[in-house]
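Below is one structure, written out as structure tokens; comments come after it.
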2 protein chains.
Amino acid sequence: MLPATLHDIARKSGLSVSTVSRILNKKSAKYRISEATEKLVQKTARELNYRPNQLARGLRLKRTHTIGLVAPDLSNPFFASIMKSAQVVAHGLGYSLIVCDTDENVQMEVEHVNLLYSKGVDGMIVLPVGQKNSHLGFFVEHAVPLVLVDRVFNDLTANTVLIDNYGGAREAVEFLISRGHSRIAIIQGLPSTYTSNERLRGYTDALSHHNIPVDESLILGKDFRKQNGYIETKFLLRRSERPTAIFTTSDLITLGALEAIFEEGLEVPTDISVIAFDEVESADFFRCPITVIAQPKETIGEIAVKLLIEQIRSPKKLDPRQIVLKPHLIVRESVARVDVHSAADLAAVP
Amino acid sequence: MLPATLHDIARKSGLSVSTVSRILNKKSAKYRISEATEKLVQKTARELNYRPNQLARGLRLKRTHTIGLVAPDLSNPFFASIMKSAQVVAHGLGYSLIVCDTDENVQMEVEHVNLLYSKGVDGMIVLPVGQKNSHLGFFVEHAVPLVLVDRVFNDLTANTVLIDNYGGAREAVEFLISRGHSRIAIIQGLPSTYTSNERLRGYTDALSHHNIPVDESLILGKDFRKQNGYIETKFLLRRSERPTAIFTTSDLITLGALEAIFEEGLEVPTDISVIAFDEVESADFFRCPITVIAQPKETIGEIAVKLLIEQIRSPKKLDPRQIVLKPHLIVRESVARVDVHSAADLAAVP
DNA sequence: TATAATAGCGCAAACGTTTGTGCGCATTTG
DNA sequence: CAAATGCGCACAAACGTTTGCGCTATTATA
């Protein structure tokens, strides 16, 4: 049996479609519909189990109350948390969420973003892969409400919410330095990505600020995945002069690095210290709880949605805003205190 | 500037809307459209950056190429993984995914499911909260393609994909027994839920099968959350006669239980053994890597989508199918071997 | 040369809504 | 008692597609 339409209700109650529509949209007053007909319509609507066809509605109104979210990897707890909070907030404000996973692939991102536009979303939240942005330019030009999150482009004047990657990275590295470390490796994510650049800049600035020369051979990494952390760490540990600490710039990289460390029979922080960007899930239960720079994941999702819906609801286009969130250091046990005067390649006991 | 429509292309190329539509839908042959006009239309479509309005399309065709997925908690890695694989498979088959988070709340579930139906999804995948099903009955009656996952109802003849909860639980408990345990506690999830019932049944059957009496005071728990695991374990550890092992029936419960154990200054498996249902994220890096019954998460998502789309594409309604996936034991280090003859409340060294 | 066939395309209805406008009727007013 | 007012609702267009049917030229057939 097909879903009941306005027409069905109209026929059954002997009225016209327009009257039924107005009543169901609570406009009886404005169009002075009698109380009797109002009751009647509501009753028949209930009897027929009427649900408005949102496609038709969207077509007519040019609003679908649906927003899109596209992210690089939805199984990653970081993105999953953002998505969950986005979903909850959006639903609270009357919007559904279509989610897309680009698998860190720009081409996929293009595809998804266009498809979302086709489906008539009222706006979208994009956590871009981050190497290319022309496909997004189209939407800002055509005034499609858009919020960029996490990996931003300086050349695109869209709404953005991001965390202070530079500050976070710098805090991490300065924490290591304060514990006596100076031979510090960094395993970065996808290079030439805003996020990666900023974290790298925080790393080098922290070193320079403390008059520690930047050793190019300690700058490693090529993407945000686990495998990357594993491989780079594996090589790193085989070097003659091992660093005393590693700064891993994503949760997945951290996991890969730990796997390599344990595989080599080493322990954290006795043999090597680790500090990570991104909270790692269940870090408290780890063999060695990891000290991290945690991002406020839930807040990111929530703010992104609110920013987007503000845009959607505003009659005139608002000036794009940039919201920067501060990450915060969570000190656990993965960073050892190192004797400043000991050989740089020997990690001291805490 | 508004998006270009068929009408715009028609006007610009001096043709009719219908012709344009047919060409863009690759029906030129069927309607014998000349090659010249075909080229022309494709050119102008490209120039105007035409994207079909999927709302109008959906309205006309009664198919939106969108499916819904509703789950109890999208930030939980278990559901996040299912969702990710579902998204990827769906997109590969030409479908978008609208996701909804019910937060383990039946009322939310009702709301979401209805909204999805309103939005004209071609079908939905529901991971129900599990205490009530009347709102889903409507859809099976009205032949809306539907796939139920994980927490199923025996009284609803819909497509389902689920894992063998009974078998998994039984395997877990028998593993404990084989290691000498007999005082085994279980912390279950939401009672009167199919999943919970089956896991409990596996627990009791395993015990009975080995002539171990079932002690009602060792059956605990009221929902799948972390807090539940924490509280129940906290109480459990204060008992005079402590069990030698705990069977935690979800990943979150496990995390809560571990927190309680460590807080009490105890160690796994020296002081108490733990075996868990659900893989726990990064278990390999834990202070004590947890032995688990792992569910094939990605497979679940993939199968659910394929089952659903099979339904959607089939001209006549297919008989509902039930697909049961086997979970598998991953032995790590959280279960100690216990001397069968020792006092039951003393855990022996491995 | 008249008729039939075919190629190439347009007309218009339909999908289910929303909403500006207008129509018939009853009531009030002068 | 006629005109004016207001009440309660219906008509119809529009949103952007898809598709069955039919129309007009041109070409093939008799």
Side-chain angles (χ1 to χ4, degrees), chain A residues 1-42 44-45 48-66 115 117-122, chain B residues 1-42 44-45 48-66 115 117-122:
Chain A
M1 202 179 66
L2 279 86
T5 71
L6 284 186
H7 189 250
D8 297 328
I9 302 180
R11 205 153 28 89
K12 184 154 183 202
S13 54
L15 291 163
S16 81
V17 174
S18 34
T19 304
V20 175
S21 168
R22 292 196 248 253
I23 292 175
L24 264 24
N25 284 305
K26 313 205 184 309
K27 305 208 172 148
S28 323
K30 184 177 172 192
Y31 288 93
R32 18 166 226 224
I33 308 230
S34 77
E35 206 166 317
T37 33
E38 180 163 358
K39 296 276 181 237
L40 173 63
V41 166
Q42 281 167 346
T44 25
L48 295 179
N49 202 351
Y50 172 74
R51 268 103 145 191
N53 181 324
Q54 302 290 352
L55 288 177
R57 211 146 192 277
L59 185 60
R60 178 69 231 250
L61 262 17
K62 294 182 174 306
R63 294 177 298 122
T64 56
H65 282 266
T66 304
L115 187 58
Y117 184 58
S118 263
K119 297 229 164 169
V121 294
D122 292 345
Chain B
M1 202 181 65
L2 279 84
T5 72
L6 285 185
H7 189 249
D8 296 329
I9 302 179
R11 205 154 27 90
K12 183 156 183 201
S13 53
L15 291 163
S16 80
V17 174
S18 30
T19 304
V20 176
S21 168
R22 293 196 248 252
I23 292 174
L24 264 24
N25 284 305
K26 312 204 185 312
K27 305 211 173 148
S28 322
K30 184 177 172 191
Y31 288 92
R32 19 169 224 222
I33 307 228
S34 77
E35 207 165 318
T37 33
E38 180 163 357
K39 295 274 182 239
L40 174 62
V41 165
Q42 279 166 347
T44 28
L48 295 179
N49 202 351
Y50 172 74
R51 267 104 143 191
N53 180 324
Q54 301 290 353
L55 288 177
R57 211 144 192 277
L59 185 59
R60 179 68 230 251
L61 262 17
K62 294 182 173 306
R63 294 176 298 121
T64 56
H65 282 266
T66 305
L115 187 58
Y117 184 59
S118 261
K119 297 229 164 167
V121 294
D122 293 344

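Numbered from 1 within each chain, the chains take letters A, B, ... in sequence-line order.
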**Request:** Check B:Leu6 against B:Ser21 and note the closest heavy-atom contact, atom names and distance.
**Result:** CD1-CB, 3.7 Å

Measuring only between side-chain heavy atoms, which start at C-beta, is [X] closer than 4.5 Å to [Y]?
X       : Y       : value
A:Arg22 : A:Val17 : no
A:Ile9  : A:Leu15 : no
A:Ser18 : A:Tyr31 : no
A:Asn49 : A:Arg51 : yes
A:Thr19 : A:Ile33 : yes
B:Lys12 : B:Leu48 : yes

**Residue pair B:Lys119 / B:Thr66, side-chain donor-acceptor N/O under 3.5 Å** = no

**Complete:** Between A:Arg32 and B:Leu61, whichever has its closest DNA chain C nucleotide further toward 5' is B:Leu61

Considering only [options], which nucleotide approaches the side chain of [X] most closely?
X       : options               : value
B:Ile33 : C:dG20, C:dC9, C:dT17 : C:dC9
B:Arg57 : D:dT17, D:dC9, D:dA12 : D:dT17
A:Thr37 : C:dG10, D:dC9, D:dT19 : D:dC9

Can you tell me how far [atom2] of [N] sits from [atom1] of [X], to the nearest Å?
X       : N      : atom1 : atom2 : answer
A:Gln54 : D:dC15 : CD    : C1'   : 15 Å
A:Leu6  : C:dC15 : CG    : C1'   : 13 Å
B:Tyr50 : D:dG16 : OH    : C1'   : 8 Å
A:Lys62 : C:dG16 : NZ    : C1'   : 15 Å
B:Arg63 : C:dG16 : CZ    : C1'   : 18 Å
A:Asn53 : C:dA14 : CG    : C1'   : 13 Å

**Residue closer to the 5' end of DNA chain D, A:Leu59 versus A:Glu38 (nearest nucleotide)** = A:Glu38

**Request:** Between B:Pro52 and A:Tyr31, just flag the one whose closest nucleotide in DNA chain D comes earlier from the 5' side.
**Result:** A:Tyr31

**Request:** Spell out, as yes or no, whether a donor-acceptor pair under 3.5 Å connects the side chain of A:Asn25 to the backbone of A:Lys27.
**Result:** no

**Item:** Near-strand residues of residues 7-17 of chain B, defined as heavy-atom separation under 4.0 angstrom from DNA chain C
**Value:** B:Gly14, B:Leu15, B:Ser16

**Message:** Check the phosphate of D:dC9 against A:Ser34, side-chain N and O only, distance under 4.0 Å to OP1 or OP2. Yes or no?
**Reply:** yes

**Complete:** Per the under-4.0 Å heavy-atom filter, residues of residues 21-29 of chain B near DNA chain D come out as B:Ser21, B:Arg22, B:Asn25, B:Lys27

**Message:** Within the 4.0 Å heavy-atom criterion, would you say A:Ser18 contacts the bases, only the backbone, or no part of the nucleic acid?
**Reply:** base

